[in-house]
Amino acid sequence: MTTRVIIVDDQAMVRAGFAALLAAQSDIDVVGDAADGAQGVELSRRTHPDVVLMDVRMPEMDGLEAARQLLSPPPGVTHRPKVLMLTTFDVDDYVYEALRAGASGFLLKDAPPADLISAVRVVAAGEALLAPSVTRRLIADFARQRPASRKDRAALRLNGLTARETEVLELIARGLSNQEIAAELVLAEQTVKTHIGRVLAKLALRDRAQAVIFAYESGLVTPGAP
């Protein structure tokens, strides 16, 4: 199955370079590009890509607002692509807010080409791109700054999880893959997937990225803890 991708970045050379790299893959089809967030939203609504590579900082409309519009569309718009944020900074408050809005992760622009290709495939498959340690550090740093009231509300929502689901959520937040969680808890990988599905449904979370943020905001995982 081919993954349809659009690239939204205000630098023409970045768009061209990423497009050439991705289009060379047999399972990826670059269906368009845009120079700012507003154009990116319009292009996405018209072409229905599976994944949007979205630069964080752009004129006219930045990547954060564009991600919000794509992931929380107005009534009548049903298409919601996966959004992968691109940034030149390893710590950026825009990225954290984009993850809260439902983006599936972020990637540094200077990452190796193989990482970009892999990131598109990972996000298209429905996973969150949370493996890089910088992502977890970013989430931890900003979760530490959340208001106490938000933390209290998040902690209350934890009460709806079973003990096993809480364990699974904690391990997700610590960056473990499904396979690693299965080994840690001595469970079948399919059982882990079932638990994750229940965690996301009970907490009304979109994906693993939001689950990680929730785990930090609720206090289930403490920033800096091993």
Side-chain angles (χ1 to χ4, degrees), residues 1-90 92 94-132 134-135 138 200 205-210:
M1 182 177 176
T2 301
T3 298
R4 294 166 56 83
V5 177
I6 67 171
I7 301 163
V8 185
D9 193 291
D10 61 335
Q11 298 181 49
M13 289 185 65
V14 170
R15 298 197 305 274
F18 284 0
L21 176 66
L22 294 173
Q25 311 307 308
S26 61
D27 60 335
I28 298 175
D29 184 14
V30 178
V31 297
D33 64 82
D36 63 55
Q39 292 178 28
V41 170
E42 189 277 330
L43 179 64
S44 177
R45 300 260 166 84
R46 181 159 42 86
T47 60
H48 291 188
D50 301 300
V51 177
V52 177
L53 293 179
M54 181 77 73
D55 188 22
V56 172
R57 300 189 179 192
M58 293 180 289
E60 303 301 328
M61 179 189 291
D62 64 28
L64 173 59
E65 179 57 30
R68 284 179 178 143
Q69 291 193 19
L70 289 176
L71 296 167
S72 298
V77 177
T78 58
H79 178 251
R80 285 187 177 89
K82 304 291 184 182
V83 176
L84 178 62
M85 306 302 296
L86 299 167
T87 179
T88 53
F89 305 96
D90 64 355
D92 193 316
Y94 280 95
V95 176
Y96 176 82
E97 293 301 334
L99 291 174
R100 281 189 55 82
S104 295
F106 85 99
L107 188 70
L108 296 178
K109 284 187 179 180
D110 60 359
D115 286 4
L116 174 64
I117 297 167
S118 174
V120 169
R121 290 172 176 154
V122 166
V123 169
E127 295 290 337
L129 193 70
L130 295 171
V134 63
T135 307
L138 174 81
L200 297 180
L205 303 173
R206 194 187 308 271
D207 57 21
R208 291 172 81 108
Q210 290 194 329

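Numbers for residues simply follow the sequence, beginning at 1. Predicted model only: the values in this text are computed from it and were never measured. Computation of the quantities below employed the complete heavy-atom set of this structure, encompassing side-chain atoms and omitting hydrogens, waters and symmetry-equivalent molecules.
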A.B. asks: Once salt bridge (Lys or Arg N to Asp or Glu O under 4.0 Å) is applied, what residue pairs with a partner in residues 102-111 remain, sequence neighbours excluded?
C.D. replies: D9-K109, D55-K109
A.B. asks: What is the minimum heavy-atom distance between A34 and G40, and which atoms define it?
C.D. replies: CB-N, 3.5 Å
A.B. asks: Is the closest side-chain heavy-atom distance between D62 and R57 below 4.5 Å?
C.D. replies: no
A.B. asks: Quick check for you: to the nearest 0.5 Å, what is the distance between S104 atom OG and Q210 atom CD?
C.D. replies: 9.0 Å
A.B. asks: By the definition salt bridge (charged side-chain N to carboxylate O under 4.0 Å, His left out), identify the one residue from D33, D10, D36 that meets it with R15.
C.D. replies: D33
A.B. asks: With the side chain counted from C-beta on, respond yes when V8 and M58 share a heavy-atom pair under 4.5 Å apart, and no when they do not.
C.D. replies: yes
A.B. asks: Given side chains that start at C-beta, do those of T3 and D27 come closer than 4.5 Å, heavy atoms only?
C.D. replies: no
A.B. asks: Is there a side chain to side chain contact (heavy atoms under 4.5 Å, CB included) between M54 and L70 once you walk through the steps?
C.D. replies: CA-CA 11 Å; M54 181 77 73; L70 289 176; 3.8 Å; yes
A.B. asks: Drop me the distance from M85's CE to L107's CG, to the nearest 0.5 angstrom.
C.D. replies: 11.5 Å
A.B. asks: Tell me, do Q39 and M61 make a side-chain contact under 4.5 Å, heavy atoms counted?
C.D. replies: no
A.B. asks: Looking only at heavy atoms, which two atoms of V52 and S44 are closest? And how far apart?
C.D. replies: CG2-OG, 4.1 Å
A.B. asks: Report yes if the side chains of I6 and V30 come closer than 4.5 Å at any heavy-atom pair, otherwise no.
C.D. replies: no
A.B. asks: Are H79 and P73 packed together at the side-chain level, in the sense that at least one heavy-atom pair is separated by less than 4.5 angstrom?
C.D. replies: no
A.B. asks: Measure the spacing between CZ of F18 and CD of Q11 and express it to the nearest 0.5 Å.
C.D. replies: 9.5 Å
A.B. asks: Do P81 and V51 have side chains that get closer than 4.5 Å, going by heavy atoms?
C.D. replies: no
A.B. asks: Find the distance between CZ (R121) and CD (Q25) and round it off to the nearest 0.5 Å.
C.D. replies: 5.0 Å
A.B. asks: List the atom of A119, the atom of L84, and the distance in Å for their closest heavy-atom pair.
C.D. replies: CB-CD2, 3.7 Å
A.B. asks: Under 4.5 Å between any side-chain heavy atoms of P113 and L21, yes or no?
C.D. replies: yes
A.B. asks: Can you list everything that forms a salt bridge (charged side-chain N to carboxylate O under 4.0 Å, His left out) with E42? Sequence neighbours excluded, please.
C.D. replies: R46
A.B. asks: Have a look at F106 and tell me which of V83, L86, T87, V56 forms a side-chain contact (heavy atoms from CB on, under 4.5 Å) with it.
C.D. replies: T87
A.B. asks: For R45, give me all partners under salt bridge (charged side-chain N to carboxylate O under 4.0 Å, His left out), at least two apart in sequence or on another chain.
C.D. replies: none
A.B. asks: Run through V5, D50, T47, L43 and flag the one making a side-chain contact (heavy atoms from CB on, under 4.5 Å) with V31.
C.D. replies: T47
